[in-house]
There are 2 protein chains.
Amino acid sequence: MAIKSISSDNNSVMEVLLRNFERLTPTERKPARILLDNYPMEGLVTIAQFAKKAKVSGPTVLRLVAKLGFARYPEFQNKLRQELQARLETPVQKTPKQAKKSVRSHDFIAEFSDTVCQNIKKSFKNIPVSEINSVTQSLGNTQQAVYLIGGRYTFVMAEHFYLHLHAIRPNVSHIDRQSSTWADHLLDIKKNDLVIVFDIRRYQDDIVSFASKALKMGAKIILFTDQWLSPIASIAHHVFTLQTKAPSNWDSSTAIMTLIDLILAKLTKDLWLEVKDRLDAREENFQSF
Amino acid sequence: MAIKSISSDNNSVMEVLLRNFERLTPTERKPARILLDNYPMEGLVTIAQFAKKAKVSGPTVLRLVAKLGFARYPEFQNKLRQELQARLETPVQKTPKQAKKSVRSHDFIAEFSDTVCQNIKKSFKNIPVSEINSVTQSLGNTQQAVYLIGGRYTFVMAEHFYLHLHAIRPNVSHIDRQSSTWADHLLDIKKNDLVIVFDIRRYQDDIVSFASKALKMGAKIILFTDQWLSPIASIAHHVFTLQTKAPSNWDSSTAIMTLIDLILAKLTKDLWLEVKDRLDAREENFQSF
DNA sequence: GGTAGATTGTAATGAATATTACAATCTATG
DNA sequence: CATAGATTGTAATATTCATTACAATCTACC
C-alpha cells in the first residue's frame with residue numbers, strides 16, 4: 001500500500017505537522033518534536049544529523065518527511081528555506097549593537113538612507129489621502145490630456161512620470177526642457193486638461209510663468225514641490241509637498257519619486273482592466289521590433 | 001602558498017564579507033553579492049546550486065568560502081545556520097502580516113512607503129562600502145571621461161545622475177535613448193573611461209551589447225541593477241545591486257535614485273574645494289542668462 | 001611584445017548523502 | 001499464546017556532493 005501523504009497544499013510545514021501530529025507513529029514523532037522545537041533549522045541539516053539528534057534511524061526521518069507530502073528530502077528542505085526567507089524579509093531587520101569601530105563611511109551611508117526614509121515617511125504622513133485619490137481619479141479620465149513639466153533638475157521626475165503614465169493611458173505629453181517650444185504646447189491646452197508641474201527650489205521663473213498661462217487656458221494645475229513651497233502653490237488645484245533634505249549639498253528627490261510611483265501604482269490598480277489591455281498591446285509592439 | 005583566510009574571529013559572516021569585500025577577486029565577488037542579496041539563505045544550498053546562481057564555477061565558491069575563514073563548505077553552512085537560529089530566537093516570533101482584507105487607501109500608502117524604505121535600507125546594507133569608495137574615487141578623477149547610459153525606463157536615472165555629475169565635474173556625457181547614436185559614442189571611449197550603466201529587468205539586449213563593446217574599448221563598467229542581476233554583471237567592474245520591489249505593477253527605482261544621490265553627496269564632499277569653484281562659476285553663468 | 005603571476009574553470013576523485021530493500025521487532029487481536 | 005499487520009532499524013546501493021589537481025586564460029609589468 002502506498003504511503004498516503006498528509007497534505008499536499010502549500011501551508012507551512014509547521015502547520016501541517018501540528019495538524020496531523022496524531023497520525024504519526026511514535027518513533028516518527030521524535031524527529032517531529034525536534035523539528036518543532038527548533039523550527040525550522042533542524043530540517044536544514046542532513047538526514048543523518050537529524051536522525052542522530054532525534055535518536056531514530058535515517059529512514060524514519062525520511063518516512064516522516066514523506067508523510068508531510070514531500071517525495072524527496074531535498075524538496076522538504078527547499079520548502080523550509082523558502083518559508084524561512086519569507087519570514088526574514090518582513091520585519092525590519094535588526095540593526096543591533098554594531099560596535100562603533102565601524103568606519104565613518106558606514107555612518108555616512110546609514111545616515112543618508114535614514115534621512116531619505118524619514119523624508120518619505122514624513123512626506124507621506126502630511127499628504128491628505130483625499131488629494132491622492134482625487135488626482136488619481138483625474139488621471140484615470142483619458143478625456144483630459146495630461147502635460148508634464150519640470151525644472152532644471154526636476155524635469156527628470158516629469159520624464160519618469162511621463163514614461164509610466166504614457167504606458168498606462170493615452171493623451172500624455174512631456175514638455176521638454178527647451179522653453180522655446182513651450183508657447184506651442186500652451187496652444188494645445190484645453191479646459192480641464194491636467195498640467196503636472198515639478199518645481200523645487202530654486203524655483204524657476206519660466207516654470208511659474210508657464211503654469212499661470214496654463215491656468216488661464218483653463219487647465220488644472222497639480223504641483224509637486226518641496227517644503228518651502230513654489231510660488232505656483234498659490235494657483236495650483238492640488239499641491240503635494242515633499243521633503244527634500246539630505247546630508248548633502250544637493251536636495252533629494254527621492255520622496256517625490258516615491259509619490260510618483262505610488263500614484264502610478266494606485267492608478268494601475270484602479271484601472272486595471274483598461275490598463276491590462278493597453279500593456280498587452282504595448283508588449284506585442286515591443287516584440288515586433 | 002597557502003590561502004590566507006580573511007578572518008577567524010566570530011563576527012557574523014556578513015560583516016566579514018562586507019569588511020573584506022575588496023580583497024575578493026572579481027569572480028569571487030559574484031557569489032558574494034548573491035549571498036549578500038539573499039542573506040543567508042543562499043549559503044544553505046549546495047555548492048553546485050550556489051555556483052549556478054552566481055554563474056561561476058564550484059571551486060570559485062569554495063575559494064570564497066575559504067577566504068571567509070572556513071576550511072570546509074559544511075563548516076560555513078553550520079555557521080550560517082547558527083547565526084540564523086540566534087536571529088530567529090530573539091525577536092517576538094510572528095509578524096502576522098495584516099490579513100489581506102480590504103486594503104484601505106491609508107493602508108496602501110503606509111505599505112507603499114514602508115516597502116520603499118525597506119528597499120533602501122536593505123539595498124544599502126548589502127552594498128560594500130569599498131565599492132562606493134572605489135567608484136567615488138574614480139568619479140573624482142576628471143581625466144577619466146564618464147559616460148552614462150540607461151534602458152527604457154532607467155535612462156531617467158542616468159539623466160538624473162548626469163545632471164548633477166556634470167555640475168560637479170567636466171568630461172561627463174549622457175548617452176541618449178536613440179541607439180542609432182551609440183556607435184559614435186563608442187568611438188570616443190578611451191581606455192579607463194567610466195561607463196555607468198543602468199539596467200534592470202527586463203534587461204535590454206542593446207544595453208548589454210553596448211556595455212560589452214565599451215569593455216572592449218578598455219572602459220571600466222559600473223553597473224546599477226536590480227536583485228536579479230543584469231547579464232552585464234558578469235563583465236562589470238563594479239556592480240550595485242538595488243532592491244526594486246513595490247506593491248505595484250511597476251518596479252520601484254527609488255533605491256537606485258538614493259544610491260545616486262549618496263554617491264553625489266560623497267563626491268561633492270570629497271572634492272569640495274574643486275567643486276565649489278565650479279559651482280560658483282556656474283551660478284554666475286546662470287545669472288547672466 | 002613577451003613573460004611571470006594571478007585568476008578561473010574543467011574534469012577526476014573520493015567522501016558523504018539520500019534512498020531502497022529487506023529483516024527484525026513490536027503490537028494487537030483471536 | 002499465536003499470528004497478521006504495522007513499525008522500525010540495518011545494510012546495501014546509487015546518487016549527489018565537496019574537494020583537489022591541473023590546465024587554460026587573463027593581467028600586469030618589464
Side-chain angles (χ1 to χ4, degrees), chain A residues 1-6 20-35 42-81, chain B residues 1-6 20-35 42-81 191-192 212 215-221 233-238:
Chain A
M1 167 190 152
I3 294 174
K4 172 114 177 293
S5 79
I6 283 175
N20 301 80
F21 201 80
E22 77 259 9
R23 288 173 61 183
L24 301 175
T25 67
T27 317
E28 283 164 3
R29 291 184 189 194
K30 292 189 203 170
R33 281 197 205 92
I34 296 282
L35 177 58
E42 211 53 55
L44 296 177
V45 302
T46 65
I47 290 184
Q49 290 175 272
F50 193 173
K52 187 180 173 191
K53 191 145 182 181
K55 290 173 186 160
V56 300
S57 71
T60 297
V61 170
L62 212 52
R63 280 186 286 260
L64 167 64
V65 167
K67 281 197 183 175
L68 294 176
F70 300 94
R72 326 202 76 85
Y73 191 68
E75 274 179 32
F76 164 71
Q77 291 189 315
N78 281 337
K79 183 74 197 304
L80 288 179
R81 266 193 293 267
Chain B
M1 165 189 156
I3 294 174
K4 173 117 174 292
S5 81
I6 282 173
N20 301 79
F21 199 83
E22 60 209 335
R23 289 172 59 184
L24 301 176
T25 67
T27 314
E28 283 164 3
R29 291 182 190 196
K30 293 189 204 170
R33 281 193 206 97
I34 296 282
L35 177 59
E42 210 53 56
L44 297 178
V45 301
T46 65
I47 289 184
Q49 290 176 273
F50 193 172
K52 187 180 173 193
K53 190 145 184 182
K55 291 172 186 162
V56 301
S57 68
T60 297
V61 170
L62 213 52
R63 280 186 285 259
L64 167 65
V65 168
K67 281 197 183 172
L68 294 177
F70 301 93
R72 327 203 75 85
Y73 191 69
E75 273 180 35
F76 164 71
Q77 291 189 315
N78 281 336
K79 183 73 198 302
L80 287 180
R81 265 193 294 266
K191 191 159 156 50
N192 285 329
S212 74
L215 181 72
K216 290 210 185 79
M217 304 294 288
K220 296 237 177 290
I221 312 287
S234 54
I235 61 166
H237 296 76
H238 297 284

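From a predicted model like this one, the values you see are computed outputs, not experimental measurements. Naming convention: chains lettered A, B, ... in sequence-line order (proteins, then strands); numbering from 1 in each chain.
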Open item on the list: Measuring only between side-chain heavy atoms, which start at C-beta, is A:K67 closer than 4.5 Å to A:T25?
Closed with: yes
TODO: Would you indicate which nucleotide in D:dA18, C:dG9, D:dG9 comes nearest to any side-chain atom of A:R63?
DONE: D:dG9
Open item on the list: As a test of reading the structure: which of C:dT19, D:dA18, C:dT10 is closest to the side chain of B:I47, going by heavy atoms?
Closed with: D:dA18
Task: Nearest-angstrom distance from the residue atom CZ of A:F70 to P of C:dT19 - done: 13 Å
- [ ] Ignoring the backbone of B:P74, work out which of C:dT20, D:dA18, D:dT7 is nearest its side chain.
- [x] D:dA18
- [ ] Could you grab the distance from atom NZ of B:K52 to atom OG1 of B:T46, nearest 0.5 Å is fine?
- [x] 10.5 Å
TODO: Please report, rounded to the nearest Å, how far the P atom of D:dT27 is from the NZ atom of B:K220.
DONE: 9 Å
TODO: Kindly say if B:T25 contacts the phosphate of C:dA6, meaning a side-chain N or O under 4.0 Å from OP1 or OP2.
DONE: no
Task: Nucleotide C:dA18, atom P - distance to CG of A:L64 in whole Å - done: 14 Å
TODO: Would you please confirm or rule out a distance under 4.0 Å between OP1 or OP2 of C:dT19 and any side-chain N or O of A:R72?
DONE: yes
- [ ] Measure from the side-chain heavy atoms of B:P26 and tell me the nearest of D:dG9, D:dT7, C:dT7.
- [x] C:dT7
TODO: To the nearest 0.5 angstrom, please state how far the CZ atom of B:F70 sits from the CG atom of B:L62.
DONE: 12.5 Å
Task: Residue A:E28, side-chain atoms from C-beta onward, closest of D:dG9, C:dT7, D:dT8 - done: D:dT8
Open item on the list: How many whole angstroms separate atom CZ of B:F76 from atom P of D:dC17?
Closed with: 16 Å
- [ ] Determine: side-chain N/O of B:T27 to OP1/OP2 of C:dT8, distance under 4.0 Å, yes or no.
- [x] yes
Task: B:Q49 CD - D:dA18 P separation (whole Å) - done: 9 Å
Task: Nucleotide nearest A:L62 when distance is taken to its side chain, options D:dT19, D:dT8, C:dT19 - done: C:dT19
- [ ] Kindly say whether A:T60 contributes a backbone atom to a donor-acceptor pair with the side chain of A:E28 at under 3.5 angstrom?
- [x] no
- [ ] Looking only at side-chain atoms of B:P59, point me to the closest of C:dA18, D:dT19, C:dT10.
- [x] C:dT10
Open item on the list: What is the distance, to the nearest angstrom, from the CD atom on A:Q77 to the C1' atom on C:dA18?
Closed with: 10 Å
- [ ] Give a yes or no answer on whether the side chain of B:Q77 reaches the backbone of B:V45 with a donor-acceptor pair at less than 3.5 Å.
- [x] yes
Task: Integer-rounded Å distance: C:dT19 P and A:F50 CZ - done: 14 Å
Task: Interatomic distance, A:L44 CG vs C:dT17 P [rounded to whole Å] - done: 15 Å
Open item on the list: For a quick test of reading the model: is some side-chain N or O of B:S57 closer than 4.0 Å to OP1 or OP2 of C:dT10?
Closed with: no
